[in-house]
Structure formats: C-alpha cells, structure tokens
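All values below were derived from every heavy atom in this structure, side-chain atoms included, with hydrogens, water molecules and symmetry-related copies excluded. Nothing here was measured: the structure is a model prediction, and the numbers come from that model. Lettering follows sequence order; numbering is per chain, from 1.
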Number of protein chains: 2
Amino acid sequence: MKKMTIDQVATAAGVSKSTVSRYLNGNFQKMSDSTRERIQATIRDLNYHPNRQAQTLKTKKTGLIGVVVADMANLYSAKMISGAGKVARVHQYQLLIMDSNNSFEQEHESLRQLQDQSLEGLIIQPMSRKSTDYQEIIGELPTVFVDRVTDSNQWPFVGVDNYEATRHLGSLIAKRGYQRILIISEPIDVSQARFDRVRGVKEIARRNKIQCELLEITESVPPEIRHEIKQKIGTLTQNQEPAVIFASNSRLLMQVMQLINDLQLRIPADIGLCGFDDWHWTALTNPPIASIEQDAVGVGQAAMTTVINQLERPDQVVKDQIIASTLNVRASI
Amino acid sequence: MKKMTIDQVATAAGVSKSTVSRYLNGNFQKMSDSTRERIQATIRDLNYHPNRQAQTLKTKKTGLIGVVVADMANLYSAKMISGAGKVARVHQYQLLIMDSNNSFEQEHESLRQLQDQSLEGLIIQPMSRKSTDYQEIIGELPTVFVDRVTDSNQWPFVGVDNYEATRHLGSLIAKRGYQRILIISEPIDVSQARFDRVRGVKEIARRNKIQCELLEITESVPPEIRHEIKQKIGTLTQNQEPAVIFASNSRLLMQVMQLINDLQLRIPADIGLCGFDDWHWTALTNPPIASIEQDAVGVGQAAMTTVINQLERPDQVVKDQIIASTLNVRASI
DNA sequence: TTGTAAGCGTTATCAC
DNA sequence: GTGATAACGCTTACAA
C-alpha cells in the first residue's frame, strides 16, 4: 500500500489537483458530474487517503482534542474518557490521551508534549488545584477541567458536587443514629475534591453533634500494613457508641472493608461502613455497602460537549456543570 | 501566546532558519557555542514550539501509535492502555485511542479514521477473529493484537492463554468434587477468547466425567430479567450433586452473584461460584470468590514494547507473548 | 467548470 | 559554521 498523493490522483483522473482537492472538501457546487465520478473512481481504485499533516499545515485544524487523566487504570478516568470519546466521535474529533499516573510532574510533562501537537481543545483532570500551574501552558486553548476544581474559575468545570453529595450521606449517617464517624481519606490538601468530601461529612456531623475524626492515608503505604487504620477501628469499636467509617474513595473503601473482615467485625452491627465511588461491586458484598455513585461517563460527555461548543461557538459563555451523583443506600449503614 | 515559527526565531536570533533547525534537531557538531546559546535564549524568550505537523510532513514520523480497544469503560481495556502508555512515554510516542464500544462497525470506522492519521504503529483488541477483516486496512503497519487472537498469525499476539487458565480452574473444580458445572458466557462464536475459556473448563470436565453445560447470554438482555439463568440455577440446586457456576467474565460474574444472592442461596454450600477476571472486589465478598486474574497492564506493556521494537528494529522477528494469569483460589469453591 | 501558483512550517541538500 | 533553496502534500485565491 504505497502512499498516494493528491497529485497522483489528479494525474490518474486527468484533472488538476485543485479539482481533486475540491472533491475532497465536498465543493461539488461547480463540478461536472463526469469529473466528480471520475475522481471518485480513481480515489477508490488507488485507495487514496489524504495526508492529515499536510491538510493541517494549511488549515490549522488538527481535529485533535487532548485528554489528560489522573490515572488511566482507575475506573473514573476510564469512564470519563469513554464518555468524552462518544461525543468526540460524532463531531469527528479524535482523542489524544495522556496519563498523569497521579504525578504532578508527569502531568506537566504530558501538557508540554501536548502543547506542540496543536490541539484544538483540552480536557483535564488536574493534579493541582493551583490555576497558576496551568495558566501559561494552557494559554488560550479551549479547556475544561473535570472532577477536580481549581482555585480559579477561568476555565469551566465539570464534575460532581462533592460537598453536597457527602452532606447528603452525612444526613443518612445522622439519621441512623451514629455517634462517631471515622473519615478515611487520602491527603486532602492537594485536592479540592477530597477536601470537599471530608467537609460535607464534617459539616453534618458538627450540626448533629456527632464526633468526627479524619484519618489521612498516603497512597504509598502498602494496604497490608495499615496499622493506623486497624488501631483506629479497634478504638472505635471498643467504645459503646455506634460508629461508622466513611472511606472517601473506592480504593480506600476496598482496603477498609478488607481490614474489617480481617478483624472479624460485623457490618453494621459492630461498625457501619460507607464510601465514595460505586463501581457496583458494593452491591454484592455482605452486607451491601452504601456509597455515592458518580456518573463518570456523564462527566466526560458534558466536558467534551463543552469543549466542542467552545470550538464551534467561541462567543458563547461557558459555565460549570455539576453532574448529579447518586447515594446508593444499602444495608451497611 | 501567538504561534511562533522557525522563521521568527531565526530573525530574532539573527541567524537563518537552517541553523535554528539544526539546533532543534540537536546537530550541534558544527555550531559555535555563541550561536547555540543565542538560539536557545530566543526560543525560550519567544516561547517557541516547533509545529509537529510541519515536521511530520517532512520527516514522515508522526510519533503516533494507535490503540483500539473493545470497551474503554471496561477495566481490562483501561489497564491495557495504562500499560501501553507507560512504555510509549519513555520512547516518546503518543497514543491515539479509539473505542470500539464493543461494536464491529465502530471498530471498522475507528480503523478507517486512524488510517489517515499516519500512525507509526497499532495495538488492537479486535472485535473479529477473522484476519481478513483487518488485512487491507492495516496493511504494512506494525501491529500487535491483544487479548483476542485471530485466525491467522501474520500479526503478533499478546494476551493470556485462556484455555490454559481455565483448564487450571477446571482442575480445581474437579478436585473439589463438583459433579456439575454451569458455564455462563457471552456468545462464544465471535471471540476466540470466550471460546477458549469455555473449552478449557469443558476439557477438564470431560476428562473427569463431570457434567458440564454452557449457557450463552447475549449482552443486550438486561440483567434483571435473566430468567434463564435463574431457572438454570434452580435446576442445578434441586439436584443432589454438588454444582458450581463458572462466569466467563467479570460482568457476568457480578450478575450471577447478584442472582444467587436474590435466590438466597449459600456459596459454596448450595452452589459453588468462580469466574474470569479479577478486579479485587472478588476478595471482599462473603465468601470471597475464586477467579482468574489477568495482568492487563502487563499485556499493554508487552504489546507496546513489541510495536516499538518493530519500529526500531524492523528486521527482528516478532513473536506472540503469553502473559501469565493467576488463579486466585478463594472460599467460594 | 477547471487550472495555476503561492504558501503553510519544517527539514535537508547543497553551496559558500 | 552558516545560509539559500527546494521539497513535503495539501488548500485556496485568482485566472482562464
């Protein structure tokens, strides 16, 4: 399959390359049916495909939208991409995907690489909440931030309202009569989302005079040796007051559940359990675990729609979009 | 941030664009230190980034590798991409990702779109097992098939040995003394992987004179109304002989488990359960479920390594790679 | 209705 | 050491 050029098609069809180009771009208005058919046939025969790079060089339209996710191997990121991809497909854009691997340095490196790909738009699940980390590198590029807000509203945001969602969950906890809450989260200072999840629960706890404690866990500690959590859980259950654990993401929820099982504690008799993120396995445990389900696919769709809108109607004002999350009430609480 | 060109840099630095180009491509051999530093400074000051499309037009190197996955929202695909991305990153390639959404038509469409992006390589988790479906569209492009084999060995394959893995699982079933096996799978005729998973269990069943039945489920039927499965399970447990269910992927395993819970059956007392794919929630149920864990990240890494090898050493013979899978033995069986 | 020619931003082959 | 200059494959006025 040799690389065909527009010139070869032109020669083969006995026309000039301008005519072929017109054909390619659908400018049939003034073109005789005969030449059009001839060109069509030649293109098919020669299996010709226009060279995108050459086209782009002229038109400045790459049709490429960058997507930078925090962690590709995480279902949230994957589903978000899936949603974004569905929308991109119908608008004929392609996704250039970069994985930050939960590292700020890798994210920066990804953005630098994307920078000279002449993207037309960008969707990013940012590692930093500081907008200054993105200002120069993003520049004028139509961009949407997903999942995690930054300290500025110069770019539209699409994601769930973590504060609202966890307040909702907090109310359920209060209604169930729990007296103590242990929140287990990854470090909250680097992510507004984590911070808000904690804040929502704490707020309701405060109002209801429920004792509430936060345990921050760094990712790097292997799950097996999470003594701190075990100890906390121990203390919690020694007390007479009913206690509940809230794990602020899916991975932590898994780990906590494992520890509770190891400790042979019964849920919710000995301790209640609930979490954030719900990839449906939570419905299958015994008992099923109450948790907040995010519509990651919906987030991706909304984000991509927003980017493409910016592209097609640059004058239109864009605004943040909050995608509803669902509290799946289950027997663990 | 205006778009800078090599010409502007040249003028600003007081040299010709040839010299700037040499600088960009690291040809410092014959370049005075002074001009090199001058160019370096100007590039920094002007925040210049070379235009990839123009470079590509000359050099024919896009640095783009296409990845076509069956379903982005599926953890296998996501992890595979994650692995592929890690390898691509160190070799300075970028991923152009397409999602087939489990549809052969969409896959074909994706491949057509990728075709004129001048990819340098391709990784595909194919929807079809017929190599003729890919021959013309892939052409000479260095390609690796992952997860699912085709009926030809013209392209290297990377994935697990489904037959071997399920034989292994079959042996465990036999050792546990089960007399009846119900295999639940999506239609096996379209995917060699599905076929092999069923074949492995059946083979061991045959050898051990265990009665074995296959139930094929099409994806489109909503999980709630899976009467057929419920009925089968009912029949299975009415019988005195110990029976076990093997669900041939993660989604089916979830659904089956839900049905078993709905039917109030005890695992493994009333019925055994095991599955294929293991995203770790299987360890958290009560009882934990035995299942086969695939190293999807490893598959992606191996696939990308193979593609890049083909690119850098075209003469080298490439061969299939089987990535080991793990049988997680747990109490459900 | 179609062709000519300039130009998009690079790289690479020559000269000097 | 450095600078003209001709490609690369396409689009798009402007001519015809």
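- One axis for each end of the helix from C:dT1-D:dA16 to C:dC16-D:dG1, each built from five base pairs, and the angle between them comes to 40° at 10° resolution.
- A search for side chain to side chain contact (heavy atoms under 4.5 Å, CB included) contacts involving B:Ala302 returns B:Val158, B:Gln321, B:Ile323, not counting sequence neighbours.
- Residue pairs meeting the ring pair (Phe, Tyr, Trp, His ring centres under 6.0 Å) criterion with at least one partner in residues 63-86 of chain A, sequence neighbours excluded, do not occur; the list is empty.
- For B:Glu312, the side chain to side chain contact (heavy atoms under 4.5 Å, CB included) partners at least two apart in sequence or on another chain are B:His91, B:Tyr93, B:Ile308.
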Under 3.5 Å, which protein N or O atoms sit close to an N or O of nucleotides 14-16 of chain C? Give each pair with its distance.
none

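- Evaluation of the ring-ring contact (aromatic ring centres under 6.0 Å, His included) rule for B:Phe28 yields B:Tyr23 as partners, not counting sequence neighbours.
- Note that the first and last nucleotides of DNA chain D, 5' to 3', having any atom under 4.0 angstrom from a heavy atom of chain B are D:dG1 to D:dG9.
- Judged as a salt bridge (charged side-chain N to carboxylate O under 4.0 Å, His left out), not a single pair has a partner in residues 142-152 of chain B (not counting sequence neighbours).
- Within the structure, salt bridge (charged side-chain N to carboxylate O under 4.0 Å, His left out) pairs that include any residue of residues 46-62 of chain B comprise B:Lys61-B:Glu120 (at least two apart or interchain).
- Looking at residues two or more places apart in sequence or on another chain, you find a ring-ring contact (aromatic ring centres under 6.0 Å, His included) between A:Tyr134 and A:Phe145.
- Residues in residues 31-41 of chain A take part in these salt bridge (charged side-chain N to carboxylate O under 4.0 Å, His left out) pairs, two or more places apart or across chains: A:Asp33-A:Arg36.
- For residues 77-97 of chain A, no residue pair satisfies the salt bridge (charged side-chain N to carboxylate O under 4.0 Å, His left out) rule, not counting sequence neighbours.
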